[in-house]
Amino acid sequence: MPVRIATYNVNGVNGRLDVLLRWLAETGPDIVCLQELKAVDERFPVREIEAAGYGAIWHGQKSWNGVAILAKGREPIETRRGLPGDPDDSQSRYIEAAVGGMLIGCLYLPNGNPAPGPKFDYKLAWFQRLQDHAASLLQLDAPVVLTGDYNVMPTELDVYKPERWVDDALFRPEVRDAYRKLVEQGWTDALRTLKGQERIYTFWKYFRNAFARDAGLRIDHVLLNPVLAGRLKAGGVDRQVRGWEHTSDHAPVWVEIADQ
DNA sequence: ATGGCCTTCTAAGAAGGA
């Protein structure tokens, strides 16, 4: 049986619990990385998620951020919470676990707007810490996935109107460079590799009917280490979820990994 | 070129998102 791994910026795990549970029931991913829980640890809906058949670990925060890893029929074994490199960073943006012999890194990279400014500086510093940690993960022989909301459109192909985003923190050259350098360490951008030059979006603004116009961005990514890249069989975006009532502004992204 | 929408926290609007 292939393993299906998904990432989903849920934009409020309690406010959109119905959407999350419906998506889990309809698509049944084996491993799920969630971002933007927007809830403290005590308010993570662990009962409902367990009732749906998933074990979970999570790292919450009041109002903002928050990440979680879900595993169908098993408990993720937590290996890390928070990126190394800055003990003063109190934002909940990274959690990592071993699930069924794979190492899963779940991340929510800072937005960084407005740029330039302190938020953009924080984004670049966070990206550097991610690069450093990712390099250490590449030393492992085990299968490794590094996935989540990267808040970067890697190329012009990933933006509905690139010229409108040139000064945005999600598309500025420094951020695209950081993503490119990360991938060039030896990671495989799963969706781009599978889809060639096809347009792929994972996010559509709530404003101005963006989803209906398909005015989207590709900012949620699944990166695979070399062991897993050779086992990549399929991948896609669950676009239908973005069309549901009361839904997140992101759609889930998934890959399927073949057995060894 | 701007503002459009949506969440949380907490009780009206502010802040953050992208």
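Computed from heavy atoms alone, side chains included, the values below leave out hydrogens, waters and symmetry copies.
- Here the nucleotide nearest the side chain of A:Leu170, chosen from B:dA18, B:dG17, B:dG3, is B:dA18.
- For A:Tyr206, taking side-chain heavy atoms from C-beta onward, the closest of the listed nucleotides B:dG17, B:dA18, B:dC9 is B:dG17.
- Of the two residues near DNA chain B, A:Ser63 and A:Pro110, the one whose nearest nucleotide lies more 5' is A:Ser63.
- On the P atoms, B:dA1 is 28 Å away from B:dA14, given to the nearest whole Å.
- Per the geometry, CG belonging to A:Asn11 stands 11 Å off C1' belonging to B:dA18, to the nearest Å.
- In this structure, the ring of A:Tyr179 has its center less than 6.0 angstrom from the ring center of A:Tyr150.
- Because its NZ or CZ atom is both nearer than 6.0 Å to the ring centre of A:Phe171 and within 45° of the ring axis, A:Arg176 counts as a cation-pi partner of that residue.
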### Message
Applying side-chain hydrogen bond (donor to acceptor under 3.5 Å, both in side chains) to A:Lys123 and A:Asn111, what does each step give before you reach the verdict?
### Response
CA-CA 7 Å; A:Lys123 178 175 196 167; A:Asn111 175 304; 5.6 Å; no
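- Distances shown here put a side-chain N or O of A:Lys119 below 4.0 Å from the OP1 or OP2 atom of B:dG16.
- In this structure, A:Asp259 does not pair ionically with A:Arg231, as no charged nitrogen and carboxylate oxygen lie closer than 4.0 Å.
- Taking atom P on both B:dG13 and B:dT2, the two are 26 Å apart, rounded to the nearest angstrom.
- To the nearest angstrom, P of B:dC5 lies 16 Å from CD of A:Glu245.
- Ion pair A:Asp214/A:Arg199 not flagged as a salt bridge, since none of the NZ, NE, NH1 or NH2 atoms sits closer than 4.0 Å to an Asp/Glu carboxylate oxygen.
- A salt bridge links A:Glu256 with A:Arg4: the closest approach of a Lys/Arg side-chain nitrogen to an acidic carboxylate oxygen falls below 4.0 angstrom.
- The distance between atom CZ of A:Arg164 and atom C1' of B:dG4, rounded to the nearest whole Å, is 12 Å.
- As rounded to whole Å, 12 Å separates atom P of B:dG17 from atom CG of A:Asp168.
- Atom CZ of A:Arg93 and atom C1' of B:dG16 are 10 Å apart (whole Å).
- Nucleotides B:dC5 and B:dA18, compared at atom C1', are 12 Å apart to the nearest Å.
- Looking at A:Asn151, its side chain has no donor and acceptor atom pair within 3.5 Å of the base of B:dA18.
- In the set B:dG17, B:dA18, B:dG4, B:dG4 carries the atom at the smallest distance from any side-chain atom of A:Lys205.
- With DNA chain B read from its 5' end, the first of the two nearest nucleotides for A:Ala39 and A:Asn113 is the one closest to A:Ala39.
- Applying the 4.0 Å criterion to OP1 and OP2 of B:dA18, one finds that A:Tyr108 has a side-chain N or O inside that range.
- An OP1 or OP2 oxygen of B:dA18 is reached within less than 4.0 angstrom by a side-chain nitrogen or oxygen of A:Asn9.
- Spacing between atom CG of A:Asn65 and atom P of B:dG17 amounts to 7 Å, rounded to whole angstrom units.
- The separation between A:Phe203 atom CZ and B:dC5 atom P is 14 Å, rounded to whole Å.
- Residue A:His250 has no polar side-chain atom (N or O) positioned under 4.0 Å from OP1 or OP2 of B:dG17.
- For A:His246 and B:dT7, the shortest distance from a side-chain N or O to OP1 or OP2 is below 4.0 Å.
- Separating the CH2 atom of A:Trp64 from the P atom of B:dG16 is a distance of 6 Å, rounded to the nearest angstrom.
- Within 4.0 Å of A:Phe211, counting heavy atoms only, lies no atom of the nucleic acid at all.
- Distance from the side chain of A:Arg16 is smallest for B:dT7 among the nucleotides B:dA18, B:dT7, B:dC5.
- Heavy atoms of A:Asp149 sit under 4.0 angstrom from primed sugar atoms or phosphate atoms, though from no base atom.
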